[in-house]
Each structure stands twice: as C-alpha cells, then as structure tokens.
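When a ligand or atom number is given, it counts from 1 through the structure's own listing order.
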Amino acid sequence: MGELTDLTLAGALDGLADKSFSCRELTDAFIAEIELSNDALNAYVLTTPDKAREMADASDQRRANGTAGRLEGAPLGIKDLYCTAGVRTTACSQILGEFTPSYESTVTANLWSEGAVMLGKLNMDEFAMGSSNETSRFGPPSNPWRRQGSNQDLTAGGSSGGSAVAVAANLCLAATASDTGGSIRQPASFTGTVGIKPTYGRASRYGMVAFASSLDQAGPIAKTVEDAALLTEIMCSHDPRDSTSLPVETPPWRGAVNEGVKGLRIGIPREYRIDGMSSEIEALWQQGIDWLQAQGAEIVDVSLPHTKYALPAYYIVAPAEASSNLARYDGMRYGARVDGEGLVGTYEMTRAEGFGAEVQRRLMIGTYVLSSGYYDAYYLRAQKVRSRILEDFNTVFGTVDALLTPTCPSAAFAYGEKSGDPIEMYLNDIFTVTANLAGLPSLSVPAALDQQGLPLGLQVIGKALDEASCFRVGGALERAAGFAGRPTRWW
Ligand code: GLN
C-alpha cells in the first residue's frame with residue numbers, strides 16, 4: 001500500500017473495515033500531511049488536530065464495538081461556511097471575526113453521526129462570492145497543479161478553492177463545499193477532482209452561512225465519482241429546520257456509478273457552444289460525446305434558448321439575495337465590530353471595514369436592483385428570465401435523460417489574471433449558473449489535461465432529483481477518461 005493519504009474515500013473505508021489501519025493512524029497521516037503542506041497551499045484556514053484525534057479514537061472504539069457508521073473513520077475537510085459547534089466559522093470574512101457557533105450545521109452533523117472525522121476548516125472566497133478564492137480574508141489557496149515547466153501560482157477556482165486544493169493535494173479524503181453559481185463544479189474542474197451540486201433542497205441549508213438562499217446548495221468535492229456519491233448520500237437529508245428542504249428520501253447513489261449509460265439519451269445544448277470558445281474546450285466536449293456514444297448512449301442535439309440570459313440574471317438574483325442576507329452583519333450581535341459615531345456610525349464602520357471589496361460591490365448591486373423604481377426593471381425581470389430558463393430545461397428533459405457540457409470555459413488561470421475586471425471573472429461561471437437558477441443537480445468530472453498539463457472538467461446536468469443519472473454519466477465518463485492525473489509535487 002502507498003501513502004494512506006493517497007487513498008480514495010471508498011478505499012480508506014475498505015481499509016478501515018478490514019483493519020488494515022486504524023482511524024487514528026489514518027487521521028495522524030492527514031494531520032502530518034497538513035502540517036507539511038498547508039503553509040504552501042493555504043487550503044485550511046483553521047486546523048483542528050486535537051479534535052480530529054479525539055474523534056478518531058472515538059471512531060476506533062465504535063468500530064471495535066460493532067457500531068460503525070457509513071463514513072466511519074473518514075477524515076474530512078469542511079468549508080468554512082458550515083457552522084461547526086465550538087469551532088471558529090468565518091466564511092473567510094473579516095466581519096465574522098472569531099465567531100464560534102454554538103450549534104452544528106445539519107450537513108456536518110449528518111457526517112459526524114455516520115462516523116466522519118473533522119480535520120479543519122477550508123478556505124473559500126469571502127461569503128462564497130468569487131471564482132478564484134482571491135477574496136478570502138486569509139489569502140487564497142494555491143492550486144497544486146501548475147502549467148508544465150512553469151512556477152506560476154494558479155488559482156484553484158472558487159468559491160470552494162480550499163476544498164478543491166485539500167482534496168487534490170491529499171490533505172483530506174474528501175471535503176464539503178457549496179455551490180451558488182458553480183462554486184463546487186468550477187474548483188473541481190480546475191483541480192482534477194469530482195464535485196456535485198445536488199438538486200436544490202436535497203441538502204439542508206441549516207447552519208450554512210447564507211449567500212443567496214434560493215441558489216445555495218451543499219455538496220462534496222471528492223477524488224472519484226464513487227466517493228462523491230458516497231458523501232452526497234450522507235450530506236443530503238430532509239430537515240424541517242430549512243423551509244426549502246425537500247421532504248424526500250435520499251436514495252443510495254453509489255451503485256449508479258457503475259450502471260453504465262446504455263440506452264440513456266444525452267442532450268448536447270447548442271447554446272453552450274459560445275463565441276470564442278477555445279478549440280481545446282470544444283475538443284474536450286466532443287471527446288465526452290464520443291465516449292458516451294461508444295458506451296451505448298444516444299446523443300441528441302438540444303436547444304436551451306434562454307441560456308444567454310442566465311449569467312446576467314444570476315448576477316442580479318444572487319447579489320439581491322446577498323444584500324438581504326448580509327444585512328444581519330451589523331456588529332451588534334456577533335462577529336467583528338468597529339465603533340463609529342452613534343449606532344449608525346458603528347453600523348457603517350463595521351460594514352465598511354468588515355466586508356471586502358467584492359462583497360461590497362455585490363451588496364451595492366443587490367441593494368440597487370431591489371430599490372423602488374429599479375425592482376421591476378432588474379430583479380423582477382431576472383426572476384422572469386429564471387422561469388424561462390427552467391422552462392427550457394423542462395422542455396428538453398421531456399426527451400433526454402441528462403445534458404453534457406464543459407464545466408468551465410478555461411482551465412485554471414493565474415492570480416491577478418481576472419481579478420482586475422469583475423465581468424471577466426463573472427464570465428467564468430457561464431456554464432455553471434444555469435443549473436443553480438433552475439435548481440438542477442449537476443456534476444463535474446475530470447476528463448483530460450490541456451496542452452499545458454492542466455485538468456479540464458466535463459459537466460453533467462440532470463433532471464430535478466435525478467442525481468442518479470449524473471452519477472451514471474459521471475461514472476461512464478470517468479472510466480472512459482481514465483483520468484489518473486496527479487499534480488507534480490512542488491510544495
Ligand atoms: N462564482 C460565482 C459567484 O461569484 C459562484 C459562487 C458560488 O457558487 N458560491 O457568485
């Protein structure tokens with residue numbers, strides 16, 4: 001056996017079950033790897049080694065007693081927007097200061113109750129707003145992947161950049177992440193990892209720091225499609241504490257990964273063939289189509305005519321909801337406070353100092369599009385566009401089982417390359433926001449390396465509540481791609 005930290009989640013669970021190693025040994029291996037690597041990679045913004053060892057010992061006990069859970073002994077990383085009882089949670093924003101929740105998010109509680117172990121909290125864009133993780137109060141993480149022959153530091157994407165780095169660099173078996181407009185899938189695509197955003201309402205938002213409540217959804221970043229399926233099964237649950245949580249059973253998805261795609265109808269939406277699309281991305285997409293066809297899927301050309309309005313609609317709806325959600329950070333109840341003159345002065349100082357530039361930009365846009373006189377022209381219109389986008393999907397899902405597209409318009413880019421121009425940064429989300437606007441499950445799977453040696457992902461979008469097809473198609477693509485790429489260690 002190689003390094004314990006190289007294992008997949010499924011492989012580690014097998015090793016724990018057959019007593020090849022203990023959870024304590026596995027956890028210690030990850031703690032050592034994090035100590036060695038995190039200064040260079042900045043994936044974790046807080047490590048919890050003592051808690052991890054304590055949880056690991058308790059896990060070994062449960063296994064010895066015959067009461068092992070479904071994730072018994074699996075050391076995981078947690079995105080810093082999940083509230084973790086007694087462990088600092090900041091969404092990587094100054095405004096949350098040293099906020100330490102007294103309660104646990106439902107998603108993380110589900111993981112612990114199945115025996116998982118927490119290694120620490122993972123880096124992200126401030127309040128999950130961004131596509132490069134450059135807006136974190138703790139500075140960005142570094143993508144373990146670099147262009148061939150280059151020392152340039154690349155972004156791991158965002159907002160779940162820390163989760164993607166930690167998985168790609170073996171600093172955890174798998175990680176939690178969240179996706180409002182692509183924040184699971186884009187970092188997965190940039191790091192050669194697998195990520196899935198389940199159907200809106202599958203996972204509870206209780207205890208997740210809110211960005212845009214009608215779009216936010218929890219999901220995992222993992223090394224393989226099977227690992228992603230395993231984790232999604234546990235993260236999702238009906239939760240009466242989230243009014244948008246769907247009262248549905250979470251089916252077992254692990255089996256779907258190996259079911260194959262014979263007989264499935266896969267739609268190729270022509271509007272995703274955007275102007276100026278690089279020939280590499282186009283070739284990757286065609287490769288994906290060929291792989292699925294070779295395995296017995298039927299390929300169908302489909303149209304989603306309102307796709308071009310998705311990005312502008314997203315960048316109205318998401319900031320609007322953010323401006324309302326983030327109104328709670330006023331320095332009065334929790335988090336950081338900067339005193340100013342009088343009550344209003346303190347509000348102003350706290351928010352001016354506590355929020356970074358990108359968050360402030362979103363709050364201003366959001367407040368503007370919700371203000372009287374502009375509400376109809378912007379917010380209401382964006383909501384109507386959103387309905388049209390959903391109708392487009394409903395129409396094509398009358399004839400196909402899933403859709404295949406590239407995850408992103410490019411491979412990982414360098415720091416500073418897009419951060420000077422917000423529009424340029426927002427354009428990175430062009431293929432991912434549609435699934436959030438329509439609430440659909442969507443998975444990214446690594447499919448190839450580009451000419452510079454960087455990973456590229458393919459995206460599978462499924463019908464509402466049909467994560468199973470995403471895992472089926474994802475598994476088929478994974479097998480065909482045989483993607484075994486690992487970043488060359490420079491850190
Ligand atoms: N990049 C998108 C944004 O900045 C999506 C972020 C996310 O999914 N949390 O809004």
Side-chain angles (χ1 to χ4, degrees), residues 79-82 91-93 107 122-136 140 155-164 175-191 195-198 200 203 205 208-221 310-326 355-366 369 382 386 407-410 412-413 417-419 421-444 457 459 461:
K79 186 175 181 178
D80 198 33
L81 64 46
Y82 289 88
C92 291
S93 177
V107 165
L122 293 165
N123 211 340
M124 57 183 282
D125 276 297
E126 183 179 7
F127 284 108
M129 297 176 193
S131 307
S132 64
N133 216 145
E134 282 164 286
T135 70
S136 165
T155 148
S159 65
S160 311
S163 306
T176 63
S178 70
D179 193 311
T180 303
S183 280
I184 291 176
R185 293 159 285 158
Q186 183 251 22
S189 177
F190 280 14
T191 55
I196 179 168
K197 178 196 90 68
Y200 181 79
R205 289 181 297 107
M208 281 171 79
V209 176
F211 164 9
S213 304
S214 76
L215 302 161
D216 296 346
Q217 186 59 204
I221 291 183
L311 199 66
Y314 171 84
Y315 275 99
I316 290 173
V317 174
E321 294 186 14
S323 73
S324 156
N325 270 329
L326 272 60
F355 291 135
E358 180 60 26
V359 173
Q360 292 191 14
R361 176 169 20 246
R362 308 263 184 135
L363 298 185
M364 285 191 274
I365 294 171
V369 300
R386 192 173 178 182
T407 307
C408 297
S410 73
F413 47 88
E417 217 167 275
K418 296 186 196 288
S419 49
D421 179 356
I423 306 271
E424 181 72 6
M425 188 69 85
Y426 299 167
L427 277 168
N428 215 255
D429 306 330
I430 193 146
F431 299 140
T432 47
V433 294
T434 51
N436 300 79
L437 289 168
L440 303 172
S442 174
L443 171 136
S444 177
Q459 172 175 246
I461 305 175

Could you check whether the rings of Y315 and Y426 sit parallel, tilted or perpendicular, using 30° and 60° as the cut-offs? parallel
Between [X] and ligand 1, which residue portion shows a heavy-atom distance shorter than 4.0 Å: side chain, backbone, both, or neither?
{"X": "D429", "answer": "side chain"}
{"X": "Y315", "answer": "side chain"}
{"X": "Q217", "answer": "neither"}

Tell me whether T407 contacts the main-chain N or O of G457 through its side chain, where contact means a donor paired with an acceptor under 3.5 Å. yes
Minimum non-hydrogen distance to atom 9 (N) of ligand 1, winning option of G157, S183, G182: S183
Show the nearest heavy-atom pair for residues [X] and [Y], with the distance to one decimal.
{"X": "D216", "Y": "Y200", "result": "O-CE1, 3.4 Å"}
{"X": "I184", "Y": "K197", "result": "CD1-CA, 4.3 Å"}
{"X": "N436", "Y": "R386", "result": "O-NH2, 3.8 Å"}

Pair [X]-[Y], side-chain donor/acceptor within less than 3.5 Å:
{"X": "S131", "Y": "Q186", "value": "no"}
{"X": "T135", "Y": "D125", "value": "yes"}
{"X": "E321", "Y": "S213", "value": "no"}
{"X": "K418", "Y": "S132", "value": "no"}

Any heavy atom of Q186 closer to ligand 1 than 4.0 angstrom? no
Tell me whether A318 reaches ligand 1 (any heavy atom closer than 4.0 angstrom to a ligand atom). no
Need the ligand 1 atom indices (1-based, order shown) with element for anything under 4.0 Å from a heavy-atom of [X].
{"X": "A128", "answer": "6 (C), 7 (C), 9 (N)"}
{"X": "F211", "answer": "9 (N), 10 (O)"}
{"X": "G130", "answer": "1 (N), 2 (C), 3 (C), 4 (O), 6 (C)"}
{"X": "G181", "answer": "5 (C), 7 (C), 8 (O)"}
{"X": "D179", "answer": "8 (O)"}
{"X": "S159", "answer": "9 (N)"}

Of all the non-hydrogen atoms in the protein, which one sits nearest to atom 5 (C) of ligand 1, and at what distance? Y314 OH, 3.3 Å
